[in-house]
Structures are given as structure tokens and as C-alpha cells.
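Positions are given from 1, in the same order as the sequence printed here.
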Amino acid sequence: MLPILLTAFAGTENTSAMVLQAIERDCRKLLLPANDADAEEMLKETIRAEQPVCVIMLGQKPVICDKIAVEPSAMINDTVLHTPMDCTMIRNLLTQAGCKAYLSKGCGNSACNHAYFVCLREKVNCIFLHIPTKENLPRPEAVVSALEALIDGLGGIPCML
């Protein structure tokens, strides 16, 4: 099994945390605080200690309904960092696994964007996936199943590092 790190944001109502806990694959799981500075420190320390081949980051996005947003990039100030992973292949794999997915145009201005930017700056293969909030996610088990299929299929997704 590839050393994979899965992250989500802590919180009892945060769907990313709920989905993270439900994933049954053999990988390291990390719940990040919503505080940018604390999340940054925790993420950098874990990446350096664990040296994962890939980081899959999860967050929730209130404006989407019953689908996953694949985030190609993160931006802080005027600096944009892009994932080295093939986002189209990731979207296709999630769709084939039974969960609607689309390529997003921006990771937003929240803790999600900040954590993704930090991860990309660490020069590690990573992808950020936004999932709906609880009220917009009628089938959370479909998201869990699709993410497990993504983890299983990571070896076939090209990276540019």
C-alpha cells in the first residue's frame, strides 16, 4: 500500500470529518483545525514525518449538492499553485465509482484554500476535494465508496513531480 495521507477538518457537523472517519483503507488520517496557523503547522509536520506519496485533502463546500468538487489549484494573494496530479483522471475515477464530480474553478478563500496552498508548497502530490454539507449530501456512503476507489486507483494517476 502506498503511504497516503488523508486530511479533513475537525468538527462534529463537518462532512469532511465524517467521511474521513468512514474510510476503511489503510492510510494515515489527519483532522486539521480550522485555524490556518495551527493547520499549517500540523500539516507541514505530518508531511515531513510521514513523507506520503500522496495527500488527499477533504473539505466541505456549502454551495454544492450531491457531487464532489475536484480542486486543481489554490491561491494566496496573487500566487497560484496547481496540483501536479491529473484532475481530469481523478474526476473520471470518482464518477466511474458512482459519485458525480466536476473540476472546480477555485478552492475559495477559506481554511480549505490555505491548507491546500500549504500542501502544494511542500511539493507533495496532493489533491483537494470539496464535498457537500450534510444537508446537501443525500448519499454519504457513495462519497466514501468513491474516495476508497480513488485511493485504490492512485497508482494509475499521473503526477508531474
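Pairs engaging residues 125-139 under the salt bridge (Lys or Arg N to Asp or Glu O under 4.0 Å) rule: E13-K134 [sequence neighbours left out].
Listed for the T83 side chain is a donor-acceptor partner under 3.5 Å among the backbone atoms of C126. Here the side chain of T15 pairs a donor or acceptor atom with the backbone of P132 at under 3.5 angstrom. In this structure, S16 contributes its side chain and F9 its backbone to a donor-acceptor pair below 3.5 Å. No donor-acceptor pair under 3.5 Å is formed between the side chain of S145 and the backbone N or O of E141. Between the K29 side chain and the L20 main chain, a donor and an acceptor come within less than 3.5 Å of each other. Side-chain atoms of N136 come within 3.5 Å of backbone atoms of P62 as a donor-acceptor pair (strictly under, hydrogens ignored). Without hydrogens or angle criteria, N125 side chain to V53 main chain gives a donor-acceptor distance under 3.5 Å.
Two residues are said to be in side-chain contact when any heavy atoms from C-beta on lie closer than 4.5 Å; L6 and L30 fail this criterion. Under the 4.5 Å side-chain criterion, counting only non-hydrogen atoms from C-beta, C119 is in contact with V124. Looking only at side-chain heavy atoms (C-beta outward), T7 and L58 stay at 4.5 Å or farther from each other. Using a 4.5 Å cut-off on side-chain heavy atoms (C-beta onward), L93 and R91 make no contact. Side chains of T46 and R28 form a contact here, defined as non-hydrogen atoms less than 4.5 Å apart. You'll find the side chain of R121 reaches within 4.5 Å of the side chain of E40, heavy atoms only. Looking at heavy atoms from C-beta onward, K44 lies in side-chain contact with V118 at the 4.5 angstrom threshold. Side-chain atoms of P84 and L120, non-hydrogen and from C-beta on, do get closer than 4.5 Å to each other.
Between V55 and M57, the shortest heavy-atom distance links the atoms CG1-CG, 3.6 Å. In terms of heavy-atom proximity, A115 sits nearest to L43 at O-CD2, 3.4 Å. Nearest approach of C107 to Y116, heavy atoms of both residues: SG-CD2, 3.9 Å. L32 approaches A39 most closely through the heavy-atom pair CD2-O, 4.0 Å. Nearest approach of K61 to S104, heavy atoms of both residues: NZ-OG, 3.4 Å. Between I127 and C87, the shortest heavy-atom distance links the atoms CD1-SG, 3.7 Å.
The NZ atom of K123 sits 12.5 Å away from atom CD1 of I47, with the distance rounded to the nearest 0.5 Å. Taking CG from L81 and CD from E122, the interatomic distance works out to 11.0 Å, rounded to the nearest 0.5 Å. Here the NE2-SG distance, from H130 to C112, works out to 3.5 Å after rounding to the nearest 0.5 Å. With rounding to the nearest 0.5 Å, the separation of CD in E50 from CD1 in I4 is 12.5 Å. Rounded to the nearest 0.5 Å, atoms CG (N14) and CG (L31) are 8.5 Å apart.
Linking Ile, Leu, Val, Met, Phe, Trp and Tyr whenever their side-chain heavy atoms come within less than 4.5 Å leaves F128 and M75 in two separate clusters. I56 and I64 fall into different hydrophobic clusters, where Ile, Leu, Val, Met, Phe, Trp and Tyr residues are linked whenever their side-chain heavy atoms come under 4.5 Å apart, directly or through other members. L103 and I90 fall within the same hydrophobic cluster, where Ile, Leu, Val, Met, Phe, Trp and Tyr residues are linked whenever their side-chain heavy atoms come under 4.5 Å apart, directly or through other members.
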Residues K100, T95; criterion side chain to side chain contact (heavy atoms under 4.5 Å, CB included); working and verdict: CA-CA 5 Å; K100 296 175 201 165; T95 301; 5.9 Å; no
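Residue M18 shares its hydrophobic cluster (ILVMFWY side chains chained together at separations under 4.5 Å) with no other residue.
By the side-chain contact (heavy atoms from CB on, under 4.5 Å) test, A146 is found to be paired with L94, A97, C99, residues two or more places apart in sequence or in another chain being considered.
The pair K105-E71 does not meet the salt-bridge criterion, since no charged nitrogen lies less than 4.0 angstrom from a carboxylate oxygen.
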